[in-house]
Amino acid sequence: MTWNTSGRLARIFLVVFTVAVLIYLIMPTFVIVPMSFSSKSYLSFPPPGWSLQWYQTMMERHDYPQAFWNSIKIGVPVALLSTTLGTLAALGVVRGRFFGSRPMSAVVIAPLMLPQIILAIGLYPIMAKFGLAGSYPGVVIGHTVICIPLVFITVAASLKNYHPAYEYAAMTLGANWWQTFWHVTFPMIRVGVIVGGILAFTFSFDELIIALFLTSPETRTLPRLLWEDLRQYVTPIIASATTLVLCISFILFGAVALLQRHLSKATRS
Amino acid sequence: MSGQGARIEYVDISKRYGQVEALRRTSLTIEAGEFFSIIGPSGSGKTTLLGVTAGYVPPTTGQIIIDGRNVVGEPPFQRNIGMVFQNYALFPHMTVAQNIGFPLRMRKTPRAEVAERVRKMLALVRLEEMAERKPGQLSGGQQQRIALARAAVYDPLMLLMDEPLSALDKNLREAMQDEVKQFQTVLGSTVLYVTHDQAEAAAMSDRIAIMNHGRIVQIGSPRDLYEHPVARFVASFLGEANIFDIDKVSPHASGSAIATRHGFSLVSAIASGHEGQCICVRPEAVMLHAQRPTGHDNVIEGRIVDATYTAGSLRYRVELASDVVITQRTPSVRGAEMFAEGDRVFASWRAEDTLLVADD
């Protein structure tokens with residue numbers, strides 16, 4: 001009886017605690033959404049009235065659509081480049097048995113651990129020297145530095161998930177290096193590669209510090225434009241643009257979650 | 001489908017990983033169509049020899065000559081060798097038919113021929129109805145048969161098998177031994193079979209090589225190895241063995257007279273015995289008597305310390321001296337009387353069964 005009561009109390013406590021943590025995690029993100037539908041011209045929570053005017057204003061200004069497209073024009077090549085390089089790095093470090101493969105994996109992951117401001121300060125003079133500061137290739141290279149480790153981690157995890165005997169088997173059966181990769185390795189790590197690519201795009205789409213250093217007014221991304229706007233006039237247009245970024249990020253994270261569920265189902269069968 | 005397997009010759013083959021000699025210089029010939037097994041404890045070099053043959057472990061020295069062609073330096077996919085892996089390594093994202101067809105597709109075989117040969121292999125392993133299933137939906141024994149079919153569908157020069165039955169339970173393992181053996185007979189392939197299970201190797205092989213510490217200790221037919229082991233390691237690794245340490249060897253009318261370190265002497269038919277060897281007596285060679293027998297070469301009094309009956313045979317543990325307990329085994333005839341624990345008995349065996357082997 002007492003055991004039952006204390007068990008129920010413990011369960012109620014657990015539920016309340018979990019909900020509190022979830023609210024703590026998500027709340028700040030969602031405060032921005034109602035503010036974007038404000039009827040007034042200043043940022044306030046909760047908004048005094050409702051309207052869609054700030055979304056309309058955002059679309060009518062030329063700099064917001066341009067920054068949005070810049071973010072995509074930078075994010076897509078970053079995702080493709082870092083997916084390719086990160087996958088190759090993971091294959092080499094996990095499957096290759098060469099001297100120094102362990103320290104090498106630490107080097108590959110390092111850009112993710114270092115403060116981004118250090119990377120940005122380091123990248124700026126190099127890009128300036130090559131005339132790439134402010135250009136698309138400049139910021140693409142900068143973002144790729146941090147996105148390679150993201151892809152590396154997801155692909156290395158998929159590679160460690162299964163025994164290399166599958167690859168040995170393919171080779172004894174007559175598949176050359178490329179055929180072995182294409183018919184056996186890639187299908188086994190596909191989900192890891194795609195998840196890594198999506199994470200890379202999302203990172204580039206949201207990133208501010210490197211963009212501040214390496215983009216110009218012509219190539220500036222949405223996060224940089226938001227940052228610049230915030231410093232001049234705090235209107236709900238910032239909330240509208242942020243909500244847009246939030247939607248895109250959520251759609252991509254949803255895709256990652258679906259893919260990972262698909263993966264765990266596939267390995268179980 | 002049935003071709004003659006190739007003849008494989010290893011010449012001075014060795015593999016070194018840094019300071020570790022995984023495989024010491026080894027020369028060995030496997031005849032065409034032979035079922036050849038390698039047994040040994042883990043770390044004895046057997047898996048290295050397999051990897052070197054398949055081509056994913058580059059040897060440090062030596063040549064591997066398959067039907068007159070040295071394959072060392074060729075990548076695995078050019079060697080035309082079939083391999084069955086311990087956990088089958090069937091591709092989980094392909095159907096059974098796609099798995100078996102995989103080596104043919106890699107060889108750009110026409111589509112119709114692929115389908116025909118896959119169908120024939122499925123018939124050979126009696127799994128036609130499983131063609132469209134994924135490997136994950138098959139039982140262990142079925143996956144094993146598919147792995148065999150996939151490794152043999154392209155008429156490889158030889159089949160390598162790396163502990164292919166170790167993942168199966170005991171009853172299925174014995175049934176699969178017959179299956180693998182029959183499969184090899186039908187196809188006429190040369191098989192190199194690696195296992196740590198000596199009974200499995202003995203049941204299937206034409207010849208067996210026993211490896212230890214990176215080298216082959218002895219090669220021979222299963223019967224040869226059991227009846228004429230050259231070393232203590234071979235004697236105790238293959239089947240059961242009663243081992244006695246030697247103190248002194250002297251000539252004797254019927255061979256050698258040997259003083260053991262256990263307080264009794266034995267007679268062996270082997271005349272060339274010497275110190276530095278040890279004695280091996282197989283459990284089946286030992287006879288037990290209630291009364292002291294006459295006219296036997298070796299008779300030692302002892303006490304039964306354990307008596308067990310297992311499906312058709314009696315197994316006794318007999319204490320001959322304070323530090324020597326031997327094993328004795330006889331097929332049980334119905335109604336035969338059993339000794340009980342604690343009984344005084346006389347153990348005897350012939351001079352011919354007192355084997356002298358190197359004490360390693």
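Here is the naming used below: chain letters follow the sequence lines, and residue numbers restart at 1 for every chain.
Residue B:Arg105: no heavy atom, backbone or side chain, is found under 4.5 Å from chain A. For A:His183, the parts sitting under 4.5 Å from any heavy atom of chain B are the backbone and the side chain alike. In this structure, chain A has no heavy atom under 4.5 Å from any part of B:Arg79. Within the 4.5 angstrom heavy-atom criterion, only backbone atoms of B:Leu90 (N, CA, C, O) approach chain A.
Using a 30° and 60° split on the angle between ring planes, A:Tyr168 and B:Phe85 fall in the parallel class, below 30°.
Counting heavy-atom neighbours within 6.0 Å of B:Gln182 CD, excluding the residue itself, gives a total of 12 or less. Remark: A:Phe186 CZ is packed, more than 12 non-hydrogen atoms of other residues, nucleotides or ligands lying under 6.0 Å away.
When all heavy atoms are compared, the tightest approach of A:Val184 to B:Phe102 is CG2-CZ, 4.2 Å. Taking each heavy atom of B:Ala89 and A:Ala169 in turn, the nearest pair found is CB-CB, 3.9 Å.
One finds the OH atom of A:Tyr166 at 11.0 Å from the OH atom of B:Tyr88 (value rounded to the nearest 0.5 Å). Atoms CZ and CE, from B:Phe91 and A:Met188 in turn, are 8.0 Å apart once rounded to the nearest 0.5 Å.
Taking 4.5 Å as the limit, every side-chain heavy atom of B:Met94 sits out of range of all side-chain heavy atoms of A:Pro187. Here the side chains of A:Leu173 and B:Met106 are not in contact, with every heavy-atom distance at 4.5 Å or above. Side-chain atoms of B:Pro75 and A:Trp177, non-hydrogen and from C-beta on, do get closer than 4.5 Å to each other.
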